[in-house]
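Here the structure is laid out as structure tokens; the discussion comes afterwards.
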Amino acid sequence: MKTETQNTYTPINLAQKSALLTEHWQPRVIAELNDYQFKIAKIEGDFIWHDHPQTDEAFIVLEGELRIDFRDGSVLIKPGEMFVVPKGVEHKPFAATEVKMMMIEPRGTVNTGEAGGERTAQNDIWI
């Protein structure tokens, strides 16, 4: 005899998840899709120059204004906007005031790429 189980479907609330963030520059996983992770983070100030030789990286701004600097220019991303940094392109995120954002990238992608350093966050921490 087959028994029915009731599934609970609950959306992920980005505002609620981002309110749980306590530290700057520490991305937290909120969902996975195949081999990709959706991460949220809050940032303020300058990051480091880095690239991701094997993957593109998507940034979606939830609150604030994110500037991504490139060696030959920059892009300003406002709330509700998205930008994809192509793989291998050196970039440096910057936020004059606090920004809350979501990133989409393959599982295991290190936030500082191969540059490393004190801003390197531990991977695969869920919130």
Side-chain angles (χ1 to χ4, degrees):
M1 180 171 131
K2 185 177 177 184
T3 60
E4 287 189 38
T5 59
Q6 184 176 7
N7 290 321
T8 303
Y9 299 103
T10 306
I12 297 168
N13 185 298
L14 300 178
Q16 287 175 341
K17 290 290 187 181
S18 63
L20 298 173
L21 297 170
T22 59
E23 300 175 79
H24 290 114
W25 304 106
Q26 297 295 314
R28 299 293 185 243
V29 180
I30 61 168
E32 287 188 336
L33 173 71
N34 299 317
D35 294 331
Y36 281 80
Q37 290 183 327
F38 293 75
K39 299 177 181 178
I40 57 170
K42 68 178 183 176
I43 66 168
E44 189 170 358
D46 248 334
F47 200 53
I48 63 168
W49 285 103
H50 69 286
D51 67 350
H52 303 281
Q54 305 303 319
T55 185
D56 300 334
E57 183 177 29
F59 293 87
I60 301 167
V61 174
L62 306 173
E63 294 178 23
E65 291 186 352
L66 172 66
R67 188 183 79 213
I68 301 178
D69 294 327
F70 302 98
R71 293 295 184 180
D72 61 351
S74 65
V75 62
L76 184 65
I77 311 162
K78 297 179 180 182
E81 294 182 335
M82 174 180 155
F83 185 81
V84 177
V85 175
K87 69 180 174 184
V89 174
E90 195 174 22
H91 60 285
K92 180 176 66 72
F94 170 78
T97 59
E98 188 175 84
V99 167
K100 292 180 181 176
M101 64 181 182
M102 182 167 52
M103 295 156 294
I104 304 169
E105 55 197 14
R107 184 184 308 113
T109 299
V110 177
N111 68 325
T112 54
E114 296 175 357
E118 66 182 38
R119 289 278 174 106
T120 302
Q122 186 176 350
N123 256 337
D124 298 321
I125 298 179
W126 287 71
I127 195 166

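When reading the values below, keep in mind they use all heavy atoms of this one structure, side chains included, and skip hydrogens, waters and symmetry mates.
When all heavy atoms are compared, the tightest approach of L62 to P79 is O-CB, 3.8 Å. When all heavy atoms of P27 and A41 are compared, the closest pair comes out as CA-CB, 3.9 Å. Residues F83 and I68 approach most closely at CD2-CD1, 4.4 Å, considering heavy atoms. Contact detail for W25 and F47: the closest heavy-atom pair is CE3-CD1, 3.1 Å. What you find for T10 and T8 is that their closest heavy atoms are OG1-CG2, 3.6 Å. Closest approach of D69 to S74, counting heavy atoms only: OD1-CB, 3.3 Å.
Applying the ring pair (Phe, Tyr, Trp, His ring centres under 6.0 Å) rule to F59 yields no partners; only residues at least two apart in sequence or on another chain are considered. In this structure, the salt bridge (charged side-chain N to carboxylate O under 4.0 Å, His left out) partners of E90, at least two apart in sequence or on a different chain, are R71.
As a member of the Ile/Leu/Val/Met/Phe/Trp/Tyr network built from side-chain separations under 4.5 Å, I125 groups with nothing else and remains a singleton.
Between the CD1 atom of I127 and the CG atom of L20 there is a distance of 4.5 Å, given to the nearest 0.5 Å. Taking CD of E63 as the reference point, atom OG of S18 lies at 5.5 Å (rounded to 0.5 Å). For the atom pair CG of L14 and CD1 of I40, the computed distance is 7.0 Å after rounding to the nearest 0.5 Å. One distance of note links CZ of R28 with CG of L21; it measures 7.5 Å at 0.5 Å rounding.
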Derivation and outcome, side-chain contact (heavy atoms from CB on, under 4.5 Å), residues I77 and M82:
CA-CA 7 Å; I77 311 162; M82 174 180 155; 5.9 Å; no
side-chain contact (heavy atoms from CB on, under 4.5 Å) between V29 and F38, worked out
CA-CA 6 Å; V29 180; F38 293 75; over 6 Å; no
Just do the side-chain contact (heavy atoms from CB on, under 4.5 Å) check on L76 and K78 with the steps written out, would you?
CA-CA 7 Å; L76 184 65; K78 297 179 180 182; 4.0 Å; yes
Salt bridge (Lys or Arg N to Asp or Glu O under 4.0 Å) between D56 and K87, worked out
CA-CA 4 Å; D56 300 334; K87 69 180 174 184; over 6 Å; no
Test side-chain contact (heavy atoms from CB on, under 4.5 Å) on K17 and I12 and set out the steps.
CA-CA 8 Å; K17 290 290 187 181; I12 297 168; 4.0 Å; yes
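At least one donor-acceptor pair under 3.5 Å links the side chain of N123 to the backbone N or O of G108.
By the 6.0 Å contact criterion, CD on E81 is enclosed, its count of non-hydrogen atoms from other residues, nucleotides or ligands being greater than 12. Around the CG atom of N13, the shell of radius 6.0 Å holds more than 12 heavy atoms that belong to other residues, nucleotides or ligands.
Judged as a salt bridge (charged side-chain N to carboxylate O under 4.0 Å, His left out), not a single pair has a partner in residues 110-127 (not counting sequence neighbours). Within the structure, every pair that satisfies the ring pair (Phe, Tyr, Trp, His ring centres under 6.0 Å) test and touches residues 84-127, not counting sequence neighbours, is listed here: H50-H91, H52-H91.
Both V75 and I43 are assigned to one and the same hydrophobic cluster, defined by single-linkage of ILVMFWY side chains at heavy-atom distances under 4.5 Å.
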Give the table of side-chain donor-acceptor pairs shorter than 3.5 Å for residues 95-105, with sequence neighbours excluded, one pair per line with atom names and distance.
residue	atom	partner	partner atom	Å
E98	OE2	H24	NE2	2.9
E105	OE2	K39	NZ	2.9

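Side chains of E57 and V84 form no contact here, defined as non-hydrogen atoms less than 4.5 Å apart.
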